[in-house]
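First up is the structure itself, then whatever we jot down about it.
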Amino acid sequence: MKIMLKNNDLGIMILRVALGMLMLLHGIAKIKHGTGFIEGVFEQNGLPKFLAYLVYLGEIIAPLMLIVGFRTRLASILLGGTMVVVVITAAMDKIGKLTEVGAWALEVQALFFFGALALFFTGGGKFAASTKNNWD
């Protein structure tokens with residue numbers, strides 16, 4: 001019955017690891033297939049192509065930081081910022097749309113963004129690698 005007791009730190013750790021793992025998969029795809037698509041999107045939006053390489057920061061570095069719980073609040077800013085850039089550059093046309101199954105067309109981006117926002121306010125919890133810094 002002890003497992004049924006409230007454990008905020010365990011919940012935060014589950015959120016950190018799940019969010020980090022799911023975003024890391026996107027980053028691994030960028031490593032395998034490159035940033036060509038993102039470069040094209042940036043170019044269409046009048047942004048320099050080299051900025052596409054920042055995707056590695058938001059989809060590899062930040063998720064790894066979340067998974068281990070190192071500077072969780074900083075990592076959540078990087079991840080949330082990545083989602084804002086994704087929506088602004090590649091998905092603005094989906095803001096008011098639903099998919100065929102009734103899901104919001106930006107559901108995945110919203111879940112990543114709001115999960116990151118939640119972690120910004122909670123920090124990494126006591127099961128994180130770092131806990132003493134303001135960015136934890």
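We number each residue from 1, following the sequence as shown.
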* **Evaluation steps, side-chain contact (heavy atoms from CB on, under 4.5 Å), between Arg16 and Thr72** => CA-CA 8 Å; Arg16 267 192 310 102; Thr72 298; 3.5 Å; yes
message: For a side-chain contact (heavy atoms from CB on, under 4.5 Å) check, start with the C-alpha distance between Leu119 and Leu66, then their side-chain angles and the critical distance, and finish with the verdict.
response: CA-CA 9 Å; Leu119 287 172; Leu66 288 178; 4.0 Å; yes
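Contact between Pro63 and Met23 at its shortest, heavy atoms only, is CG-CG, 3.6 Å. The nearest pair of heavy atoms linking Ala105 to Thr99 is CA-CG2, 4.0 Å. Of all heavy-atom pairs between Ala116 and Leu19, the closest is N-CD2, 3.5 Å. In plain terms, the two heavy atoms of Thr89 and Asn45 that are nearest each other are O-ND2, 3.0 Å.
Pairs of residues two or more places apart, or lying in two chains, that qualify as ring-ring contact (aromatic ring centres under 6.0 Å, His included) and include a residue from residues 5-37 are His26-Phe112.
Contact annotation: the side chain of Asn133 never approaches that of Ser130 to less than 4.5 Å [non-hydrogen atoms, C-beta and beyond]. Residues Leu111 and Glu107 meet the side-chain proximity criterion, which asks for heavy atoms closer than 4.5 Å. When side chains are defined from C-beta on, Arg73 does not count as touching Met65, because their heavy atoms never get closer than 4.5 Å. Put simply, the side chain of Lys49 does not reach to within 4.5 Å of the side chain of Phe42, judged on heavy atoms. Side chains of Ile38 and Lys30 form a contact here, defined as non-hydrogen atoms less than 4.5 Å apart. Considering only heavy atoms from C-beta on, Asn7 comes within 4.5 Å of Phe127 through its side chain. For the pair Ile31 and Tyr56, the minimum side-chain heavy-atom distance is below 4.5 Å.
Other residues, nucleotides and ligands place no more than 12 heavy atoms under 6.0 Å from the OH atom of Tyr53. For Trp135, the CH2 atom is loosely surrounded, since the number of other residues' heavy atoms within 6.0 Å does not exceed 12. Other residues, nucleotides and ligands place more than 12 heavy atoms under 6.0 Å from the CG atom of Asp93.
Scored by the side-chain hydrogen bond (donor to acceptor under 3.5 Å, both in side chains) test, Gln109 finds no partners at all (sequence neighbours excluded).
Rounded to the nearest 0.5 Å, atoms CG (Leu22) and CD1 (Ile67) are 9.0 Å apart. Atoms CE and CG, on Met83 and Leu78 in that order, are 11.5 Å from each other to the nearest 0.5 Å.
Of the charged side-chain nitrogens involved, at least one lies within less than 4.0 Å of a carboxylate oxygen, so that Asp136 and Arg71 count as a salt-bridged pair.
Not one N or O on the side chain of Asp9 forms a donor-acceptor pair closer than 3.5 Å with the backbone of Gly125.
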